[in-house]
Amino acid sequence: MLQNTIDNIAHNNGLYNVNPKLKVIFAISLLLICVLSNSIIVPLIIAIIMIYLTIFKAKVPLKIYLPLIGTPIGFGIITIILMAIIYSGVGDKLFSIGIFGYNISFYEYGVNMGLLVFSRMLGGVACTLFLALTTPMTKLFYVLKELRVPSSILDIAMMMYRYIFVLIDEAIRIENAQKTRLGYKDLKTTYKSLGILAANLFITSWDRGERLFIILNSRGYNGNLKLLSKIESPNIKYILLILAFDIFLIIIIYLTKDFKVF
Amino acid sequence: MGDILHIMEGFLPPEWCAFWYILSGIVVIYGVMQLNKMIKEQPEVKPLLAIAGAFMFILSSLKMPSVTGSCSHPCGNGLGAVLFGVPITAVLGTIVLIFQALLMAHGGITTLGANVFSMGIMGPLAGAIVWKILKGKMKSTWAIMLAAIAADWITYVTTSIELTLAFPGNNPMTTVTTFLGIYAITQVPLAIAEGLLTALLWDKIKELRPDILLKLGVIDESEVPNYTSSLNTNTGGAE
């Protein structure tokens, strides 16, 4: 399953040993700058940097990275067409194409808007993928704890993370058992099999939940889970470098705010 | 269609990201307050809710075949709302959406607020309202099916409205019909598929472990006569 591979790479990549706080600050600040940009230049710069870092520094296999980064590209092309439809008639007409007998005209404003959204999506997804593929969830929990996320939420999130993988294994086992007994052979049996799978998964989940409470209780659970170790703060030098880079990008945003492709 | 279930990272302009973050934030904070109160009274709900959330995550990554030949993913938000109520479902939905963004690259961090509003708040609210109205008037399996259909469908209607507000186009009315055409109409068969799946799941749980549903107070004892009568006559093998 897909979630397994992203999680595996997060534990196993070239940038694993970089301080997680640094990676979070870097990815989130660039993500915000990307969304705040009014022209396509800065998001594209950010996308290139993030794609370079993920492929060449973190050494994420292309087989896994390309489909993930391909989604915003495919969706971006749809977005440009969509924006051309909803903003038709604003500005100069650029060109028109016929699709399935419909004639779609592309006007200046709509195409520019579509390209802007496209570039923001590309940059944004590249930032999120960088964070997701280089930083394991377990490290992110420490960062979230220092950001004062309520402990009830964090505890639930941590246990949820653990049990997602337990339940995926369970689901795959049930699915294989069903397949060997002629489940999923046509549409009707597929629904029946899925219903049985989901119900059994729910019941096992419930039982596991009750057992987990007993397990926690027998180890002195008083309503809170304790995270003992801490992550070190990154070197101030690197934070200043990221800050300088952010300011540099914001200046570029300001300088290119009137830039339009068409 | 399943892959554009959530609004993608970077799609919304910054002011709308902030707007949905604030709106969803209020509901989620209310949910957290309720959650804290519940945990204080009964500490066992914490592990149970965590595993319920993990179940929601798995449910939303199941591939559901639909009539058109494409695949879709169920939301599971209707079931959550019926079992745990809207505020708790909003909190669980938020954590599930963060995991989906970071473990599966679905949805995103900047658009989290908007996605929480549609999938974690409006959808469950619709499901809970349908459930409230129909509960007791018909078999709970039918009621949960309609609640799941409503929750799934309203999720997409809300998504179309969110997109229209962010990109109104020349004429907001035509834009909203365009987005509704893309999301809401194509989602009708998928919503029905989710309803069917939820009904099958509900029936199976009712058959195998009615005690869970009785404990949550979502079904009446009269619905599972065999189970309750066996409880009354069962003397624990003492005879």
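In the text below, chain A, chain B and the rest are named by the order of the sequence lines, each starting its count at 1.
When all heavy atoms of A/Leu129 and B/Ala105 are compared, the closest pair comes out as CD2-CB, 3.8 Å. Considering all non-hydrogen atoms of both residues, A/Ile164 and B/Ile58 come closest at O-CD1, 3.5 Å. Between B/Phe55 and A/Ser205, the shortest heavy-atom distance links the atoms CD1-OG, 3.8 Å. Taking each heavy atom of B/Pro47 and A/Gly209 in turn, the nearest pair found is CB-O, 3.9 Å. Closest approach of A/Tyr87 and B/Asn170 over heavy atoms only: C-ND2, 3.4 Å.
The structure places CE of A/Met121 at 11.5 Å from CD1 of B/Ile7, a figure rounded to the nearest 0.5 Å. Taken from CG in B/Leu201 to CG in A/Leu194, the straight-line distance is 10.5 Å, to the nearest 0.5 Å. Between A/Asn217 atom CG and B/Glu44 atom CD the span is 9.0 Å, to the nearest 0.5 Å. Residue A/Thr135 holds its OG1 atom at 9.0 Å from CG of B/Leu102, rounded to the nearest 0.5 Å. Rounded to the nearest 0.5 Å, atoms NZ (B/Lys204) and CG (A/Leu201) are 14.5 Å apart. Summarising the geometry, atom CG belonging to B/Leu200 is positioned 9.0 Å from atom NZ belonging to A/Lys192; distances are rounded to the nearest 0.5 Å.
Only the side chain of B/Leu216 comes within contact range of chain A, judged by heavy atoms closer than 4.5 Å. Heavy atoms of B/Phe167 lying under 4.5 Å from chain A belong to its backbone as well as its side chain. The part of A/Leu216 that comes within reach of chain B is its side chain, from C-beta onward, which places non-hydrogen atoms under 4.5 angstrom from that chain. Contact of B/Ile205 with chain A is made through backbone and side chain together, with heavy-atom distances under 4.5 Å. In this structure, chain A has a heavy atom under 4.5 Å from the side chain of B/Leu59, while its backbone stays farther away. Proximity to chain A (any heavy atom under 4.5 Å) is shown, for B/Leu163, by neither the backbone nor the side chain. For A/Leu116, no part sits under 4.5 Å from any heavy atom of chain B, backbone or side chain.
Identified under the side chain to side chain donor-acceptor pair (under 3.5 Å) test for residues 82-94 of chain B, with sequence neighbours left out: none. Legend: side chain to side chain donor-acceptor pair (under 3.5 Å) pairs involving residues 152-167 of chain A, not counting sequence neighbours, sorted by first then second residue: A/Asp7-A/Tyr161, A/Ser152-B/Asn36, A/Asp155-B/Lys46.
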Item to complete: Just do the side-chain contact (heavy atoms from CB on, under 4.5 Å) check on B/Leu92 and A/Met160 with the steps written out, would you?
Response: CA-CA 10 Å; B/Leu92 286 182; A/Met160 213 191 247; 3.9 Å; yes
Practice prompt. Take B/Met8 and A/Val125 through the side-chain contact (heavy atoms from CB on, under 4.5 Å) test and state the conclusion after the steps.
Written response: CA-CA 8 Å; B/Met8 195 176 257; A/Val125 171; 4.1 Å; yes
Worksheet entry | Derivation and outcome, side-chain contact (heavy atoms from CB on, under 4.5 Å), residues B/Leu35 and A/Ile156 | CA-CA 11 Å; B/Leu35 191 70; A/Ile156 287 180; 3.7 Å; yes
Worksheet item: Which is it for A/Phe202 and B/Arg209 under the side-chain contact (heavy atoms from CB on, under 4.5 Å) test, yes or no, and what are the steps along the way?
Response: CA-CA 10 Å; A/Phe202 182 86; B/Arg209 290 289 301 274; over 6 Å; no
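Interface remark: of the candidates B/Ala52, B/Gly10, B/Gly108, B/Ala101, B/Gly10 forms the most heavy-atom pairs closer than 4.5 Å to chain A. Put simply, of A/Leu122, A/Asn200, A/Asp207, the one with the most heavy-atom pairs under 4.5 Å next to chain B is A/Asp207. If you tally non-hydrogen atom pairs under 4.5 Å between each of A/Arg208, A/Glu210, A/Met83, A/Arg211 and chain B, the highest count goes to A/Met83. The candidate from A/Gly123, A/Ala10, A/Cys127, A/Ala132 with the greatest count of non-hydrogen atom pairs under 4.5 Å with chain B is A/Ala132. Note on A/Leu36, A/Thr79, A/Leu197, A/Leu167: by heavy-atom pairs under 4.5 Å with chain B, the leading option is A/Leu167. Among the candidates A/Pro72, A/Gly76, A/Pro150, the residue making the largest number of heavy-atom pairs closer than 4.5 Å to chain B is A/Pro72. Interface check for chain B: of the options A/Phe118, A/Trp206, A/Tyr109, the most heavy-atom pairs under 4.5 Å are formed by A/Trp206. The greatest number of non-hydrogen atom pairs below 4.5 Å with chain A, out of B/Val45, B/Ile95, B/Leu208, is found for B/Ile95.
Considering only heavy atoms from C-beta on, B/Glu9 comes within 4.5 Å of A/Leu31 through its side chain. Residues A/Leu82 and B/Phe179 are in side-chain contact: their nearest non-hydrogen atoms beyond the backbone lie under 4.5 Å apart. Here the side chains of A/Arg120 and B/Phe11 are not in contact, with every heavy-atom distance at 4.5 Å or above. The side-chain heavy atoms of B/Val32 and A/Ile153, taken from C-beta on, include a pair separated by under 4.5 Å.
Residue A/Lys139 places its NZ atom among 12 or fewer non-hydrogen atoms of other residues, nucleotides or ligands, all under 6.0 Å distant.
By the salt bridge (charged side-chain N to carboxylate O under 4.0 Å, His left out) test, B/Lys206 pairs with B/Glu223, sequence neighbours left out.
Among residues 12-20 of chain B, the residues having any heavy atom closer than 4.5 Å to a heavy atom of chain A are, in sequence order, B/Leu12, B/Pro13, B/Pro14, B/Cys17.
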